[in-house]
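The first residue in the sequence is number 1, and the count goes up from there. As the structure lists them, so they are numbered: ligands from 1, and atoms in each ligand from 1. Since the model is a prediction, treat every value here as computed from it, not as a measurement. Computed from heavy atoms alone, side chains included, the values below leave out hydrogens, waters and symmetry copies.
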Amino acid sequence: MRKYLNWLPPRIASKLFGFLSATPQMRKKIDRRYDGILAALQDRLKPYRDSHTKHSSIPETGRGRQEILDEMRQIVAAETSAWKKGFVSGAVYSGDDEHISFLNEVYAIQSQSNPLHPDVWPSSTKYEAEIVAMTAEMLGARTASESTGADKEICGVVTSGGTESILLAVKAYRDRARAVRGVKKPEIIVPSTAHAAFDKAAQYLNVKIIHVPVGDDFAADVEATAKAVTASTIAIAGSAPSFPHGAIDPIARLSELAARRKVGFHTDACLGGFVLPWAKKLGYDVPPFDFELPGVTSISADTHKYGYAPKGTSVLLYKDSDLRHYQYFKAADWPGGLYYSPTLAGSRPGALSAACWAAMVAIGKTGYMQATQKIMQTASAIKNEIKKMSDLFLLGEPLWVIAFGSKTLDIYRVMDCMTTKGWSLNALHKPPCLHLCVTLRHTQPGVAERFVRDLNEAIEHVKANPQAEGGMAPIYGMAATLPVRTVVEDLLDRYIDMLYRV
Ligand SMILES: Cc1ncc(COP(=O)(O)O)c(C=O)c1O
């Protein structure tokens, strides 16, 4: 059945598949197929199942600390080599040994801290307030208050990552629109390339999400966005740049539209917030995307990406604190006391905020500038080489998130071949393509050359072996595809179940 469904447009195929799979007989058949797909993935994702101690219950008596450390060191050594040598797209943004040791030291100093107890750890509040202030200044805070004469300051919060920043921004817009404009059925408008975190936010917060198809340059279509605005619109969002293709949406025009229609505008600079300001200073063609634009009312910028902080922090900035208030949670009647929580979690790892602060002040503006220069130069070299490959084409004109596809080859087979050479690239779809998100790991001597050489070889291999079939549905965050085009969400449910199985 899959074979025939694969010829239909995905949305129709998915609907038809859902309908047909309701019969017990068909369900059994599908489950058997899923078992096969998941078993193949399991071998790749569960390599320690037979080679290491397994705990499905707490050990009766505790194991020796040294033994535990030895085992964990052995495991991590096997996992480190690929990203350390620059084989992995994105994922680890600095990876420098001295930087990591420094962050680990900071973490150790602060490992018990929790911003939920600001009297016990006032250091956590200091670090978070300063992370927000430094990020705001980097993203145009001063320019905004000067140009608008506003006495309200740009403010923000530290969150656990890009997804939480986006989720909280959507919550703030939803609750403000409800309180101020009486919007009962809130809607948010995003380009189709916006990160899936917006869909997650919409689903969690019961907000309707409207995806506007992007143009040929993979950037948001302003005219189409304007047509999607209704009385229920709470905000419009754009990416700087987008995760899939590294395209920077026309934030100036989108935010102008938002201001004209009196709705919020969120710039998702999770990926670019700590790159674009420096790239602009270096003379790269960076369009305005931050608070320099009067219509931009919030920005997410991930410290745990190009801020070079350890995983677990992001900054969400608001143009003024009125909007930020709609993000807070407060409970004045709780027997536990006057409870408040600015972000999603209650207790939070203060050590991560401390390490983020330490990363920012240790790197400094000069350090960020130098890092950005290396990334831009490496990305330019790679882009120029890809442009010479007649079987490949670049998607849009990206700065450093380089997406490429092929009109002549199965691009997922090219990826599979790169995987056998040790690479871990991101597979994307709609349209099928791959991307390499260039980080400091790729700026090491020889890495860009190795990428280009391996890519050329992969292309030649696929051309020489045209008969094999590649996968069809790329899995986010993995250099892997599923051998089916019509993926209904229950397969993803089972995939996640598999990950949690001991
Ligand atoms: C543009 C963009 N927005 C949001 C996110 C989500 O960030 P996180 O994975 O930290 O939640 C990402 C992650 O890659 C991203 O690239």
Side-chain angles (χ1 to χ4, degrees), residues 83 88-94 131 135 139 157-171 188 190-204 209 211 214 218-220 235-249 251 254 265-276 279 286 289-290 296 298-317 343-345 348-349 352-353 355-356 359 375 379 395-396 398-403 424-428 433-439 474-479:
W83 64 256
V88 179
S89 168
V92 177
Y93 294 80
S94 163
I131 293 167
T135 311
L139 294 175
V157 288
V158 176
T159 74
S160 64
T163 300
E164 188 183 349
S165 289
I166 288 167
L167 213 129
L168 290 173
V170 175
K171 178 193 173 325
I188 183 161
V190 302
S192 54
T193 49
H195 195 274
F198 285 98
D199 297 79
K200 189 175 185 178
Q203 203 181 89
Y204 279 21
I209 186 161
H211 299 102
V214 291
F218 297 92
I236 298 170
S239 313
S242 69
F243 168 81
H245 316 116
I248 302 175
D249 289 322
I251 304 292
L254 285 173
F265 185 86
H266 181 84
T267 300
D268 177 11
C270 284
L271 201 50
F274 281 81
V275 175
L276 294 175
V286 175
F289 71 99
D290 62 13
V296 171
S298 59
I299 303 179
S300 48
D302 285 0
T303 34
H304 72 186
K305 293 189 174 81
Y306 293 96
Y308 308 119
K311 275 286 171 268
T313 59
S314 164
V315 177
L316 170 58
L317 298 171
T343 56
L344 271 186
R348 289 189 295 121
L352 288 183
S353 296
C356 172
I375 288 170
L395 281 85
L399 278 173
W400 76 99
V401 183
I402 308 167
S424 181
L425 303 178
N426 294 85
L428 317 159
C433 58
L434 309 178
H435 88 204
L436 174 74
C437 176
V438 178
T439 72
I475 310 173
Y476 172 83
M478 266 184 84

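Of the protein's heavy atoms, T163 OG1, 2.5 Å lies nearest to atom 11 (O) of ligand 1. Nearest to atom 15 (C) of ligand 1 among the protein's heavy atoms is H195 CD2, 3.4 Å. At the shortest separation from atom 9 (O) of ligand 1 among protein heavy atoms lies K305 NZ, 4.0 Å. Regarding atom 16 (O) of ligand 1, its nearest protein heavy-atom neighbour is F243 CB, 3.4 Å.
Side-chain contact, S89 with N426: a donor N or O sits under 3.5 Å from an acceptor N or O. Looking only at atom types and distance, the side chain of H195 has no donor-acceptor partner in the side chain of S239 under 3.5 Å away. For the residue pair T343/T159, the side-chain donor-acceptor check at 3.5 Å is not satisfied.
Contact check for H245 versus V401: no side-chain heavy atoms found under the 4.5 Å cut-off.
Using a 30° and 60° split on the angle between ring planes, Y476 and F243 fall in the tilted class, from 30° to 60°. A perpendicular orientation is assigned to the rings of Y93 and Y306, their planes being inclined by more than 60° (bins at 30° and 60°).
Atom numbering of ligand 1 starts at 1 in the shown order; those under 4.0 Å from a heavy atom of I166 are 4 (C). Applying the 4.0 Å criterion to heavy atoms of D302 picks out, from ligand 1, the atoms 7 (O), 10 (O). Remark: ligand 1 atoms within the under-4.0 Å shell around heavy atoms of C270 are 2 (C), 3 (N), 4 (C).
In this structure, K200 places its NZ atom where only 12 or fewer heavy-atom neighbours from other residues, nucleotides or ligands lie under 6.0 Å away.
Within the 4.0 Å heavy-atom criterion, the part of D268 lying near ligand 1 is the side chain and not the backbone. Contact annotation for P241 and ligand 1: only backbone heavy atoms (N, CA, C, O) come within less than 4.0 Å of the ligand. Looking at H304 against ligand 1, only its side chain comes within 4.0 Å, counting heavy atoms. When non-hydrogen atoms are compared, ligand 1 lies under 4.0 Å from neither the backbone nor the side chain of A197.
Taking CD1 of I209 as the reference point, atom CG of D199 lies at 4.0 Å (rounded to 0.5 Å).
The shortest N or O to N or O distance between G162 and ligand 1 is below 3.5 Å.
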